[in-house]
Amino acid sequence: MSKLQFTAPKGVKDVLPEEQPFWHLIEEKILNIVKAYGYKRLILPIFEDTGLYARGVGQGTDIVEKEMYTFEDKGGNSITLRPEFTAGVMRAYLQHGMASLPKPVKVWSFGPVFRYERPQAGRFRQHTQFNVEALGEQDPALDFEVMSIAYQLYDELGFKNLSFQINSIGCPECRPAYLEKLKEYYNEHTDEICDDCKKRLKTNPLRVLDCKKAQCQNVIENAPPISKHLCGECKEHFSTLKFYLDGAGYKYQINHRLVRGLDYYTKTVFEVWAQGIGAQNAVCGGGRYDGLSQAIGGPPVPGVGFASGIERIVLTLQAQQDIEIKEQKPLVYFAVQSEAAKPFVVQIVSKLRRNHVPCIVAFGSRSLKAQMREANKRGVKFTVVTGEEELNKQKVHVKYMEEQKEVELSFEEIVDFFVNKNNDD
Ligand code: HAM
């Protein structure tokens with residue numbers, strides 16, 4: 001075969017029909033769960049003003065510095081393909097006066113997000129997020145609620161060893177003093193740390209705790225933990241959240257190094273890690289962002305939420321060998337033995353489909369043997385062969401594929417027979 005002229009751009013993924021049963025299962029669970037928790041769907045544009053992310057996600061973050069798909073549109077406006085949902089959700093909340101709705105305002109979204117990252121297993125330049133946000137309330141019970149949504153989704157999907165990584169990264173009251181302590185400590189260890197961390201100390205000091213380079217690990221291990229520097233309110237918030245998590249029996253590890261890659265977080269941050277998705281093991285990430293609204297020019301609006309990458313959920317499911325996904329197969333295959341029978345078969349198939357019976361008709365003019373091969377490959381339960389003889393008698397034989405048996409039906413009986421069989425399924 002000659003080399004294809006076009007393939008998908010680097011780092012993006014086609015989700016082919018054979019992978020759809022996984023997506024379908026996940027989407028089904030999401031719809032049930034958001035309903036139980038009272039979250040309503042919010043569909044947002046795929047692009048926003050670049051400034052929304054620069055101010056919302058933060059200038060010093062990898063996302064804003066290196067990863068955004070930004071371009072000038074024909075009107076000269078700087079536009080960015082969304083690299084995440086949260087800033088857009090807050091923008092929509094402020095724009096549509098949602099503050100007047102009963103609080104908290106609870107919304108979920110689903111769709112593609114774009115980040116120019118180095119592609120790897122589980123890391124794409126376009127991925128799909130299930131995103132959940134609850135706005136307008138500071139209560140740690142709400143942090144627990146959004147975490148429960150993530151937990152329930154993964155639990156129902158059968159994830160093994162499910163547990164949260166959690167941390168509190170403080171608030172504008174207590175974090176500045178902690179950052180001073182952290183910088184002081186790092187300044188005593190400058191010869192041991194990588195060049196990136198030297199830069200981070202100036203632009204985004206909290207993120208030194210997140211560095212993956214081997215040479216920085218020892219310094220990170222011995223860094224002062226933020227937990228010892230939280231103000232009374234942040235401490236109280238974190239311990240109430242842990243109390244709720246304990247009460248629900250959710251497993252968690254307190255991870256002092258968990259700081260997250262977006263600037264808007266305050267107090268709670270959390271992730272769920274899973275096996276089977278390569279080096280990128282976070283299947284979801286989220287937290288509280290009580291300062292985001294002000295960062296984008298709004299009044300104070302507390303909020304908490306998380307997002308989960310669907311591709312990473314699928315990879316986790318695929319890595320767990322014992323998950324059984326039932327693929328939807330058509331019920332019946334209609335083979336055509338003579339051209340004269342085709343109009344009848346086309347009409348009967350269309351009647352069955354109007355009754356929601358999944359069925360297939362043989363296209364083209366292949367031998368009966370080839371048609372039966374196709375029926376077998378498609379895994380149908382029944383086949384019906386129609387030719388001259390069946391037309392003359394106005395009767396067909398229905399062949400049961402697994403049981404080696406046949407029944408005879410008059411033309412009038414066909415629809416009812418398959419509608420009933422479909423209902424039995
Ligand atoms: P995030 O941690 O940047 O958080 O992304 C959330 C999730 O999206 C990750 O845990 C991962 O499952 C998936 N993900 C991220 N980048 C990629 C990628 N390149 N390829 C595949 N999957 C990826 C946020 O986006 C926040 N807005 C979450 C949030 C909502 N915080 C509060 N509310």
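First listed ligand is number 1; within each ligand, the first listed atom is number 1. Start at 1 with the first residue, then count along the sequence.
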Worksheet, complete the sentence: In chain-and-number order, ligand 1 lies under 4.0 Å from a heavy atom of each of Glu84, Thr86, Arg115, Glu117, Gly122, Arg123, Phe124, His127, Gln129, Asn131, Glu133, Arg260, Leu262, Tyr264, Tyr265, Ala282, Val283, Cys284, Gly285, Gly286, Gly287, Tyr289, Gly305, Phe306, Ala307, Gly309, Arg312
Item to complete: Identify, with sequence neighbours excluded, every residue that meets side chain to side chain donor-acceptor pair (under 3.5 Å) alongside Ser78.
Response: Thr50
Worksheet entry | Residues forming a side chain to side chain donor-acceptor pair (under 3.5 Å) with Gln215, sequence neighbours excluded | none
Discussion item. I'd like to know if the side chain of Glu236 reaches the main chain of Cys231, judged simply by a donor and an acceptor atom lying under 3.5 Å from each other, with no hydrogens or angles considered.
Written reply: no
Discussion item. According to side chain to side chain contact (heavy atoms under 4.5 Å, CB included), who are the partners of Gln320, at least two apart in sequence or on a separate chain?
Written reply: Phe159, Lys160, Thr316, Asp322
Discussion item. So, taking the atom named NZ in Lys267 and the one named NZ in Lys235, what distance separates them when rounded to the nearest 0.5 Å?
Written reply: 13.5 Å
Worksheet entry | Verdict with supporting geometry, Trp108 and Asn131, side chain to side chain contact (heavy atoms under 4.5 Å, CB included) | CA-CA 5 Å; Trp108 67 280; Asn131 187 81; over 6 Å; no
